[in-house]
*Asks:* 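This is the structure I have questions about; it appears just below.
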Amino acid sequence: MSENQAATTSHAEMEQSIEPRQPVVADSERRARLRDLAEELGEAVQAKRRVVGKIETMQRARQAAQADADAARAKWREKLREGDGTLTREVQKLRVAERSALSLAEEYASFEEEIAKGVPRVELEAVDLASKSISLRSAVIQEAAQQLYDETLMQVTDSLALAFEVFCRAENCGLPSRQKSTLDELAGQLFWRINRHICSRLNDASVDEQVDTYLALPELDLRDVDMDIVRSPARLGMLRKQVLGSEAA
């Protein structure tokens, strides 16, 4: 069998042997805690969305009331000019409508301000949970990586030792002692080849799918989390101080 045929056969056997892995740390305390944190984070993000949604509703209502007031004012001023300053019943009704709309706009603004006071609290809760979730997710990935490394090493040690021994004999075969490569040199050559072969597989969609299946990480809802605060201890400290100050007041 030629070298190319052997390489093709080896690659085909590797393709057939690849099967989706199951998460090896599925029942670990860290993974269970990560699932709980991901759920709490989702609830915190939803709470923030509700608060922000209420503020946006009040903003739209205030803007609509202000628009009504502006329209009523424009109309009564126009009527007043047309009547040479005569305060007609229609003008009076328009002025009442303007005052009513302005009063309503002020109420909406008051509601908006009151609701906005709760934003730092829900923001802090979401940021805190996001920070803890991201940190714990990294720990879970490291845990899984170590376990997979140990598991893989146990499975392939004998095969690698055999392959390395055959490779050494092939490379040094027939050479005088002074020309033979050292074990370190031969190891560098062999594992360089292995590394190239492994790296050529990293962009395969099948490998990515296996990684996702193996890790089985819960999804973290970070879409409405202020990641700038998560990444900045100083800003997080300021936000926490703001929340504590408002609660103490």
Side-chain angles (χ1 to χ4, degrees), residues 23 25-74 95-146 211-212 215-249:
V25 288
D27 298 325
S28 72
E29 293 183 7
R30 283 177 174 173
R31 185 175 289 272
R33 177 56 180 155
L34 180 59
R35 286 196 298 267
D36 292 341
L37 280 176
E39 185 176 346
E40 293 175 23
L41 173 61
E43 293 172 355
V45 171
Q46 288 296 331
K48 177 185 174 182
R49 288 174 183 152
R50 286 193 295 270
V51 172
V52 172
K54 289 180 180 179
I55 292 175
E56 292 174 348
T57 297
M58 292 302 166
Q59 287 176 341
R60 290 192 294 270
R62 173 176 54 79
Q63 291 166 357
Q66 185 63 54
D68 289 342
D70 293 342
R73 178 177 175 80
R95 293 187 65 188
V96 170
E98 179 196 8
R99 288 194 295 271
S100 177
L102 286 174
S103 176
L104 193 57
E106 290 176 359
E107 289 297 330
Y108 284 131
S110 177
F111 293 152
E112 179 185 339
E113 182 179 354
E114 182 179 345
I115 297 171
K117 291 179 181 178
V119 171
R121 180 183 58 79
V122 294
E123 184 76 80
L124 177 61
E125 184 175 2
V127 166
D128 265 340
L129 287 169
S131 180
K132 292 177 182 177
S133 298
I134 292 171
S135 177
L136 187 56
R137 181 175 60 181
S138 297
V140 168
I141 293 174
Q142 291 171 0
E143 181 181 44
Q146 184 61 49
V211 170
D212 292 339
L215 293 176
L217 297 172
E219 183 178 354
L220 301 183
D221 189 354
L222 302 172
R223 288 170 295 177
D224 291 311
V225 178
D226 191 333
M227 297 305 296
D228 289 336
I229 298 179
V230 174
R231 289 186 287 263
S232 172
R235 292 189 60 182
L236 178 57
M238 291 175 61
L239 178 60
R240 196 183 307 279
K241 184 176 180 180
Q242 178 184 354
V243 172
L244 292 175
S246 63
E247 291 178 350

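For the single chain, residues carry numbers from 1 onward in sequence order.
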*Asks:* Mind checking whether M227 and I134 have side chains closer than 4.5 Å, heavy atoms only?
*Replies:*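 Side chain of M227 against side chain of I134, heavy atoms only: contact under 4.5 Å found.
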
*Asks:* What's the shortest heavy-atom distance between L136 and L34, and which atoms?
*Replies:*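 What the structure gives for the nearest pair is CD2-N, 3.4 Å.
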
*Asks:* Just verifying a value: how many Å separate R95 CZ and R99 CZ, rounded to the nearest 0.5 Å?
*Replies:*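 The CZ atom of R95 sits 6.0 Å away from the CZ atom of R99.
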
*Asks:* Could you pull out the closest heavy-atom pair between A101 and A65, with the gap in Å?
*Replies:*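 Shortest heavy-atom contact: CB-O, 3.4 Å.
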
*Asks:* Check whether any side-chain heavy atom of L244 lies under 4.5 Å from a side-chain heavy atom of K241, and answer yes or no.
*Replies:*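 Not touching, per the 4.5 Å side-chain cut-off.
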
*Asks:* Do D68 and E98 make a side-chain contact, defined as non-hydrogen atoms from C-beta onward lying under 4.5 Å apart?
*Replies:*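 No; the side chains remain at least 4.5 Å from each other.
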
*Asks:* Supply the atom-to-atom distance E143 CD to R30 CZ, rounded to the nearest 0.5 angstrom.
*Replies:*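 Those atoms lie 5.5 Å apart.
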
*Asks:* Could you note down all residue pairs passing salt bridge (Lys or Arg N to Asp or Glu O under 4.0 Å) where residues 122-133 supplies at least one of them, sequence neighbours left out?
*Replies:*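 Residue pairs passing salt bridge (Lys or Arg N to Asp or Glu O under 4.0 Å), neighbours aside: K48-E123, D128-R240.
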
*Asks:* Do T57 side-chain atoms and G53 backbone N/O form a donor-acceptor pair below 3.5 Å?
*Replies:*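 Such a contact is found between T57 side chain and G53 backbone.
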
*Asks:* Verify the neighbour count for atom CD of E113: are there more than 12 heavy atoms of other residues, nucleotides or ligands below 6.0 Å?
*Replies:*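 Count not over threshold, so no.
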
*Asks:* Thinking salt bridges, do E40 and R33 make one under a 4.0 Å N-O criterion?
*Replies:*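 The answer is yes: the pair qualifies as a salt bridge.
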
*Asks:* Should the heavy atoms of other residues, nucleotides or ligands under 6.0 Å from CD of Q63 be counted, would the total exceed 12?
*Replies:*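 Atom CD in Q63 is crowded, with more than 12 foreign heavy atoms closer than 6.0 Å.
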
*Asks:* Please report the interatomic distance CG(L220) to CG(L37), rounded to the nearest 0.5 Å.
*Replies:*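 Going from CG on L220 over to CG on L37, the span is 9.0 Å.
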
*Asks:* For V230 and A130, work out which heavy atoms get closest and say how close.
*Replies:*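 Distance-wise, the nearest heavy atoms are CG2-CB, 4.2 Å.
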
*Asks:* Which pairs count as salt bridge (Lys or Arg N to Asp or Glu O under 4.0 Å) when at least one residue sits in residues 49-58, sequence neighbours excluded?
*Replies:*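 Qualifying pairs: R49-D221, R49-D224.
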
*Asks:* Rounded to the nearest 0.5 Å, what's the gap from CD1 on I115 to CD1 on I55? Could you check?
*Replies:*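 It is 6.5 Å, given to the nearest 0.5 Å.
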
*Asks:* To the nearest 0.5 Å, what is the distance between CZ (R73) and CG (D70)?
*Replies:*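 Reported value, rounded in 0.5 Å steps: 8.5 Å.
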
*Asks:* Could you give the distance from CZ (R231) to CG (L236), rounded to the nearest 0.5 Å?
*Replies:*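 R231 CZ to L236 CG: 13.0 Å, rounded to 0.5 Å.
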
*Asks:* Without swapping roles, check the side chain of S133 against the backbone of L129 for a donor-acceptor pair under 3.5 Å.
*Replies:*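 Side chain of S133 to backbone of L129: a pair is present.
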
*Asks:* With distance as the sole test, does R31 use its side chain to make a donor-acceptor pair with the main-chain N or O of L215 at under 3.5 Å?
*Replies:*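 Yes; judged by distance alone, with no hydrogens or angles, the pair exists.
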
*Asks:* Looking at A38 and P218, what are the two nearest heavy atoms and their distance?
*Replies:*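 Looking at all heavy atoms of both residues, the shortest contact is CB-CB, 3.9 Å.
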
*Asks:* Got L41 and V225 here, is their nearest side-chain heavy-atom distance under 4.5 Å?
*Replies:*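 The answer is yes; the side chains approach within 4.5 Å.
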
